[in-house]
Peer 1: 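Provided herewith is a single structure, encoded as structure tokens, for subsequent inquiry.
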Amino acid sequence: MSHRVLTGITTTGTLHLGNYVGAIRPAIAASRAPGVESFFFMADFHALIKCDDPDRLARSSRAIAATWLAAGLDPERVTFYRQSDIPEIPELTWLLDCVTAKGQMNRAHAYKAAVDAAVAAGEEPDANVSMGLFSYPVLMAADILMFNAHHVPVGKDQIQHIEMARDVGQRFNHLFGQGQALFTLPEAQVDAEMELLPGLDGRKMSKSYDNVIPLFEGGSAALRDAVARIVTDSKLPGEPKDPEGQALVALYDAFSTPEQRAAFRAALRGGLGWGEAKQQLVAQIEAQIGPMRERYAELMANPEQLEATLQAGAAKARAIARPFLKQLRAAVGLRPYTDTATTAAAKAEKSALPVFKQYREADGKFYFKLLSAGGELLLQSSGFEQGREAGQWVARLKREGLTADAPVQREARDADIAAALAAFQES
Ligand code: TRP
């Protein structure tokens, strides 16, 4: 199997530069690497947890799909789908729910944050917690494990979720894998250079902090307005400035080459004014984002085309998910009644042992023979008048090995026969 990379974005609201720099851009770049199989999806089931406005949810999902395509995602090359088009994902979520420790979910950051907020407000700890919020990490584990992703590019804040997916996957493998790994255990991939893009106030860029720079929304005017609001120190033009720790510089870095970064820092140290620096930042971002914004507008004007692209993606994803889920259902014991086979391990164990076969021939006499695990004839008895006699010899051979001087023809090397008989003494 090639190297699989998977990422998803919750479809609430519109995307900001932090989403682009932290998730979309690196994921698209990684999808172009040779030998990489990429999965991209709209996490719209996850979005339901936070959103009770159906129209907003629908609009946001469409906008995010258009964003990824506009940002250069090639749906021919990757598997690009909506989570909610893959019914195998919620089904897998349930299988995983059944092996997930509640105690582990109690420690999930998002859940703990909701509890802390409720307690701080003098409410019951779980006042604002739906089961959806609580089991968010399990649904996310299903997203990842369903496609056996090796790597998941995420922001730092999602690392815990990937670790939970590993734990759950490992537990499932242990319980149901019969010594084989059903799931690939995923690893978080955090771009060390970018990690968390700061927002206007220097904290992580996040909708919840209301400090975002919109990606496409509002056009270049909105970009310029947002950049104008980036918090800096109050040094005047001409005064030397310390670029380190400035949100504006970190944002500049995210859209620049190493040479440009060095030059920008040198200019600030040499007294470049913040106003001028902000103009340079806008130009730097606009050079990358501007052409994408135009493609985005086109895609938003053609919902049929967008829908067809997503349907094709869902078909591709389900071609993987459907047979895999079938295998997983069988592994946990959800099987058609006609499938009376026991687990693969039990079967293998059974067939790995040598066997004695007792039978009666046309001459009316009773015989037995010893077959190796592979079905090769090791011992052949002579004929007995009584079935009981044959049975007694078999019992002695099992107990005593070849030292029981049975009336048998040795059909294989003594060492092989002895080894086969030894298996009965162990069991
Ligand atoms: N929880 C992720 C976020 O908020 C979105 C997401 C859902 C996701 N399922 C995923 C990301 C699977 C990566 C893999 O950003």
Peer 1: Any donor-acceptor pair under 3.5 Å linking the side chain of Asp44 with the backbone of Ala47?
Peer 2: no
Peer 1: Kindly say whether Phe147 contributes a backbone atom to a donor-acceptor pair with the side chain of Arg4 at under 3.5 angstrom?
Peer 2: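 Yes, Arg4 side chain to Phe147 backbone: donor-acceptor pair under 3.5 Å.
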Peer 1: Using 30° and 60° as the class limits, which term best fits the ring planes of Tyr136 and His46: parallel, tilted or perpendicular?
Peer 2: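 Ring orientation of Tyr136 relative to His46: tilted.
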Peer 1: Would you sort out whether Leu370 and Leu397 count as a side chain to side chain contact (heavy atoms under 4.5 Å, CB included), showing the intermediate values?
Peer 2: CA-CA 10 Å; Leu370 173 65; Leu397 281 163; over 6 Å; no
Peer 1: Do Ser60 side-chain atoms and Thr11 backbone N/O form a donor-acceptor pair below 3.5 Å?
Peer 2: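 Side chain of Ser60 to backbone of Thr11: a pair is present.
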Peer 1: Is a side-chain N or O of Thr257 found less than 3.5 angstrom from the main chain of Gln260, in a donor-acceptor match?
Peer 2: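 Yes.
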Peer 1: Would Glu244 and Arg265 count as a salt bridge (charged side-chain N to carboxylate O under 4.0 Å, His left out) here? Give the steps.
Peer 2: CA-CA 8 Å; Glu244 300 318 319; Arg265 281 170 167 70; 3.1 Å; yes
Peer 1: What are the two closest heavy atoms between Arg318 and Asp85, and how far apart are they?
Peer 2: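 Answer, listing the atom of Arg318 first, then Asp85: CD-O, 3.7 Å.
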Peer 1: What are the two closest non-hydrogen atoms of Ile24 and Trp68, and how far apart are they?
Peer 2: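 Looks like CD1-NE1, 3.0 Å.
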Peer 1: If I take atom CG from residue Leu268 and atom OH from residue Tyr252, how far apart are they, to the nearest 0.5 angstrom?
Peer 2: 9.5 Å
Peer 1: Roughly how far, to the nearest 0.5 Å, is CZ of Phe424 from CD of Glu400?
Peer 2: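 Reported value, rounded in 0.5 Å steps: 14.5 Å.
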Peer 1: Considering all heavy atoms of both residues, which atom of Leu378 and which atom of Ala420 are nearest to each other, and what is their separation?
Peer 2: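 Looking at all heavy atoms of both residues, the closest pair is CD1-CB, 3.5 Å.
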Peer 1: Without swapping roles, check the side chain of Lys316 against the backbone of Val78 for a donor-acceptor pair under 3.5 Å.
Peer 2: yes
Peer 1: Using a strict cut-off of less than 4.0 Å between a Lys/Arg side-chain nitrogen and an Asp/Glu carboxylate oxygen, indicate whether Lys235 and Asp242 qualify as a salt bridge.
Peer 2: no
Peer 1: Using every non-hydrogen atom in the two residues, find where Gln246 and Thr232 come nearest and quote the distance to one decimal.
Peer 2: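 So the minimum-distance heavy-atom pair works out to OE1-CA, 3.8 Å.
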Peer 1: Any side-chain donor paired with an acceptor under 3.5 Å for Asp126 and Tyr111?
Peer 2: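 There is such a pair between these side chains.
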Peer 1: With rounding to the nearest 0.5 angstrom, report the OG to CG distance, Ser38 to Leu6.
Peer 2: 9.0 Å
Peer 1: Apply side chain to side chain contact (heavy atoms under 4.5 Å, CB included) to Ser84 and Met42, showing your working.
Peer 2: CA-CA 8 Å; Ser84 64; Met42 264 60 66; over 6 Å; no
Peer 1: To check you understand the geometry: which heavy-atom pair defines the closest contact between Ile28 and Phe40, and what is its length?
Peer 2: N-CZ, 4.0 Å
Peer 1: What are the two closest heavy atoms between Asn106 and Lys112, and how far apart are they?
Peer 2: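 So the two residues come closest at O-CG, 3.3 Å.
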Peer 1: What I'd like to find out is whether the side chain of Ile162 reaches to under 4.5 Å of the side chain of Glu187, using heavy atoms alone.
Peer 2: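 Not in contact.
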Peer 1: Could you measure the distance from the CG atom of Leu379 to the NZ atom of Lys357? Nearest 0.5 Å is fine.
Peer 2: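 Output value for this atom pair is 14.5 Å.
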Peer 1: What about the rings of Phe80 and Phe39, do their centers lie closer together than 6.0 Å?
Peer 2: no
Peer 1: How are the rings of Tyr359 and Tyr367 set relative to one another: parallel (under 30°), tilted (30 to 60°) or perpendicular (over 60°)?
Peer 2: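 Tyr359 vs Tyr367 ring planes: parallel.
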Peer 1: Glu91: which residues meet the salt bridge (charged side-chain N to carboxylate O under 4.0 Å, His left out) condition with it, sequence neighbours left out?
Peer 2: Arg329
Peer 1: Using the salt bridge (charged side-chain N to carboxylate O under 4.0 Å, His left out) criterion, which residues pair with Arg229? Sequence neighbours excluded.
Peer 2: none
Peer 1: Taking the side chain as every heavy atom from C-beta outward, state whether Leu95 and Leu328 have any pair of such atoms under 4.5 Å apart.
Peer 2: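 Leu95 vs Leu328: side chains touch.
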Peer 1: Would you call the rings of Phe172 and Phe183 parallel, tilted or perpendicular, taking 30° and 60° as the class edges?
Peer 2: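 Tilted.
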Peer 1: Within this structure, what is the CE-CE distance for the pair Met105 and Met131, rounded to the nearest 0.5 Å?
Peer 2: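 Output value for this atom pair is 11.0 Å.
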Peer 1: Between Lys241 (side chain only) and Leu236 (backbone N and O only), is there a donor and an acceptor less than 3.5 Å apart?
Peer 2: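 It does hold such a pair.
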Peer 1: State whether the side chain of Asn19 and the backbone N or O of His16 hold a donor-acceptor pair below 3.5 Å, judged by distance alone.
Peer 2: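 Checked: pair present.
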Peer 1: Report the distance from atom CD1 of Ile144 to atom CG of Leu96, rounding to the nearest 0.5 Å.
Peer 2: 10.5 Å
Peer 1: Can you tell me if Asp201 uses its side chain to pair, donor with acceptor, with the backbone of Asn211 under 3.5 Å?
Peer 2: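 Here the side-chain-to-backbone pair does not exist.
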Peer 1: One thing to verify: whether Arg62 and Glu307 come together as a salt bridge, which I'm taking to mean a side-chain N less than 4.0 angstrom from a carboxylate O.
Peer 2: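 Looking at Arg62 together with Glu307, the answer is no, because their closest N to O distance does not fall below 4.0 Å.
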Peer 1: Answer yes if the side chains of Gln288 and Arg25 hold a donor-acceptor pair under 3.5 Å, and no otherwise.
Peer 2: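 Checked: Gln288/Arg25 side chains pair up, N/O donor to acceptor below 3.5 Å.
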Peer 1: Which of parallel (below 30°), tilted (30 to 60°) and perpendicular (above 60°) describes His3 and His150?
Peer 2: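 Parallel.
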